[in-house]
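If you're wondering where the values come from, they're calculated on a predicted model, not measured in any experiment. Note on naming: letters A, B, ... go to the chains in the order of the sequence lines (proteins, then strands), and numbering restarts at 1 for each one. Basis for what follows: all heavy atoms, side chains included, without hydrogens, waters or symmetry-related copies.
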There are 2 protein chains.
Amino acid sequence: MVHTGDGKGKSTAAFGLALRSWNQGWNVGVLQFVKSAKWRIGEQTVLERLGQLHDDTGEGGPVEWHKMGAGWSWSRKEGEESDHAAEAAEGWQEIKRRLAAETHDLLVLDEFTYPMQWGWVDVDDVVETLSNRSGRQYVVVTGRRAHPKLIEAADLVTEMTKVKHQMDRGQKGQRGIE
Amino acid sequence: MVHTGDGKGKSTAAFGLALRSWNQGWNVGVLQFVKSAKWRIGEQTVLERLGQLHDDTGEGGPVEWHKMGAGWSWSRKEGEESDHAAEAAEGWQEIKRRLAAETHDLLVLDEFTYPMQWGWVDVDDVVETLSNRSGRQYVVVTGRRAHPKLIEAADLVTEMTKVKHQMDRGQKGQRGIE
């Protein structure tokens, strides 16, 4: 699945799918391609809390959430200069390992269109890997300007289009909703 | 806010907003305009579970989820014939009471475009009520074919457009994702 377009709701809808998947007892993985691991959103807190609930009580399914940058503990060394391209490439390798191991029932690759757009991750490799993945693994890719090859390979593509936004009228973003 | 269009993700993105709002300790209300109260989705289970978590531990915020039909206990009498138009109109009255009382910080009016489209709820009344609501109350309306007056009155409108769907290729809907 691909959620693309310039409108709101691409990631939010993917996290809504994660909510539903958790409820079905699915193993949920979110791999978030963000510039800074310090950037933490409410959905992460809640989904990790639901994962904790699973661990404590058996309700729902397990949840893992990993971020690029310092969030990718397996790729980062102490004191090392940040190298976004290398981190994105390593992140993609980790995704490939998880797909091969069928770790998750639902895998959200949040903002994953950007490393492809910037040439950090090879689109052909992504398309081939996703097209040939084994078992029943749902994968959602979010982000603007999804590559045509990714759109071609996807089963379900939704474009979120901005029809109107209060920012256009000069108002500030609203905390918690923006 | 309005989530409209023929694509996927309108409701799912609204429930994703509810997730984030809960995490901020907001009072979340979902009023869902569905034909049958028997129709229950995973998001309801999870959001009500989060509301329970709030009641038990103080985490997050309170959550209420009500459905049209038999779900609207304040409008339904035992043995009464189902009257969707009357139930939708009464549902709207309940929403007006909640807006006047500032009951919720986030109010999701799921699939609320349809009772407007079918003439069960007066669009002018909705636009006037929402435009003049007091305090800080976020309202999200989801559904296809949002009325132009509603779009005009909204601060943020996102159209979810179906670019491609595996149903087009003759495959069946996927349980839990569709």
Fill in the blank from the handout: Counting heavy-atom pairs under 4.5 Å with chain A, the top scorer among B:G7, B:G16, B:A14, B:G9 is B:G16
Handout entry: Contacting moiety of A:I41, where chain B heavy atoms sit under 4.5 Å
Key = neither
Problem - Residue pair A:T4 / B:V163, side-chain heavy-atom distance below 4.5 Å - result: no
Problem - Close side-chain approach of A:L53 and B:R49, heavy atoms under 4.5 Å - result: yes
Handout entry: Separation between CG of A:L19 and OG1 of B:T12, rounded to the nearest 0.5 Å
Key = 9.5 Å
Problem - Any B:T161 side-chain heavy atom under 4.5 Å of A:T158 side chain - result: no
Fill in the blank from the handout: When rounded to the nearest 0.5 Å, the distance separating NZ of A:K162 from CD of B:E159 is 14.0 Å
Handout entry: Proximity breakdown for A:E59 and chain B, heavy-atom pairs closer than 4.5 Å
Key = side chain
Problem - Point-to-point distance, once rounded to the nearest 0.5 Å, from CE of B:M160 to NZ of A:K10 - result: 9.5 Å
Problem - Side chains of A:N23 and B:E43 in contact at under 4.5 Å (non-hydrogen atoms) - result: no
Handout entry: Reported CZ-to-OG1 distance for the pair B:R20 and A:T45, which is rounded to 0.5 angstrom
Key = 11.5 Å
